[in-house]
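A, B, ... follow the sequence lines: proteins, then strands. Residue 1 opens every chain.
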Amino acid sequence: DARVTQTPRDKVTEMGQEVTMRCQPILGHNTVFWYRQTMMQGLELLAYFRNRAPLDDSGMPKDRFSAEMPDATLATLKIQPSEPRDSAVYFCASGLTRLAGGPTYNEQFFGPGTRLTVL
Amino acid sequence: GDSVTQMEGPVTLSEEAFLTINCTYTATGYPSLFWYVQYPGEGLQLLLKATKADDKGSNKGFEATYRKETTSFHLEKGSVQVSDSAVYFCALSDQVRGSTLGRLYFGRGTQLTVWP
């Protein structure tokens with residue numbers, strides 16, 4: 001049963017510290033997405049990759065956030081320095097472009113999330 | 001741009017009641033449509049999908065029909081259970097063609113609580 005894995009599941013840190021979140025996409029998937037979920041904003045797309053290349057990171061605060069895919073089995077999201085307003089649940093999702101008798105579409109599979117608390 | 005609007009929650013029902021959660025979309029092309037479910041403390045899970053007009057997606061007693069004429073994809077279930085309590089997200093995916101990106105656009109989510 002293939003799943004997206006994320007580590008850590010929970011992270012509590014102090015303002016100003018660096019935070020790194022990791023994601024292992026499902027083997028064979030060619031897209032990876034990072035989302036942030038808060039009560040106020042709901043689900044926000046931060047960044048995503050196709051075939052390890054960044055396609056769009058316009059949803060990400062560039063001054064403190066960075067996302068990378070050093071290889072096909074690992075995606076990272078880094079916050080430096082962290083701030084209390086970054087407290088949220090961060091989800092990674094992976095997907096596979098699929099033909100469906102017409103236009104292609106991108107079904108996504110979500111990881112369990114990293115709950116980040118910045119004090 | 002592409003977007004999804006779903007009914008505001010929370011929705012509270014008694015067990016065995018009928019459920020409808022409304023979802024409408026705006027898209028320039030021919031999107032695929034999805035319903036995702038999020039149980040407490042977990043990530044989103046795909047519940048059902050439909051890839052073209054008049055398709056009906058179904059899973060675990062839930063159904064939704066892709067209505068192009070009304071740009072809707074309403075989620076229904078004939079008899080809800082306590083275990084259906086969760087947050088439900090409607091989403092669309094634009095086409096992956098050339099420069100288009102194939103990302104998902106999510107609604108705000110609808111909290112469903114089912115009481116025994």
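- Using a 4.5 Å cut-off between side-chain heavy atoms of Ile, Leu, Val, Met, Phe, Trp and Tyr, with links allowed through other members, B:Leu48 and B:Tyr39 fall into the same hydrophobic cluster.
- Within the 4.5 angstrom heavy-atom criterion, no atom of B:Gln45 approaches chain A.
- How far CG of A:Leu45 is from CZ of B:Arg103: 4.5 Å, rounded to the nearest 0.5 Å.
- When the side chains of ILVMFWY residues are joined at heavy-atom separations under 4.5 Å, either directly or via intervening members, A:Tyr35 and A:Val89 end up in a single hydrophobic cluster.
- A 6.0 Å sphere centred on NZ of B:Lys56 holds no more than 12 heavy atoms belonging to other residues, nucleotides or ligands.
- Rounded to the nearest 0.5 Å, atoms CZ (A:Phe109) and OH (B:Tyr36) are 7.0 Å apart.
- Scanning for side chain to side chain contact (heavy atoms under 4.5 Å, CB included) contacts around A:Pro61 gives A:Asp63, A:Phe65, with sequence neighbours left out.
- With a 4.5 angstrom heavy-atom cutoff, A:Gln6 does not touch chain B via any of its atoms.
- Hydrophobic clustering of Ile, Leu, Val, Met, Phe, Trp and Tyr side chains at less than 4.5 Å, counting indirect connections, unites B:Val4 with B:Trp35.
- In this structure, chain A has a heavy atom under 4.5 Å from the side chain of B:Phe89, while its backbone stays farther away.
- Contacts between residues 73-86 of chain B and chain A, counted as heavy-atom pairs separated by less than 4.5 Å, involve no residue at all.
- Neither the backbone nor the side chain of A:Arg115 comes within less than 4.5 Å of any heavy atom of chain B.
- To the nearest 0.5 Å, atoms CZ (A:Phe110) and CG (B:Leu104) are separated by 6.5 Å.
- Every salt bridge (charged side-chain N to carboxylate O under 4.0 Å, His left out) that A:Arg36 has, sequence neighbours left out, goes to A:Glu44.
- Taking a 6.0 Å sphere around CG of A:Leu27, one finds it holds 12 or fewer heavy atoms contributed by other residues, nucleotides or ligands.
- Taking both residues in full, the closest heavy atoms of B:Gln38 and A:Phe91 are given as NE2-CZ, 3.3 Å, listed atom of the first, atom of the second, then distance.
- Of the atoms belonging to B:Leu44, heavy atoms from both backbone and side chain fall under 4.5 Å from chain A.
- Residue-level contacts of residues 106-116 of chain B with chain A, in order of numbering, are B:Phe106, B:Arg108; threshold 4.5 Å between heavy atoms.
- Placement of B:Leu19 and B:Met7 within a single hydrophobic cluster is found when ILVMFWY residues are connected by side-chain heavy-atom separations under 4.5 Å, directly or transitively.
- B:Phe62 and B:Leu92 end up in the same hydrophobic cluster when Ile, Leu, Val, Met, Phe, Trp and Tyr side chains are linked at under 4.5 Å.
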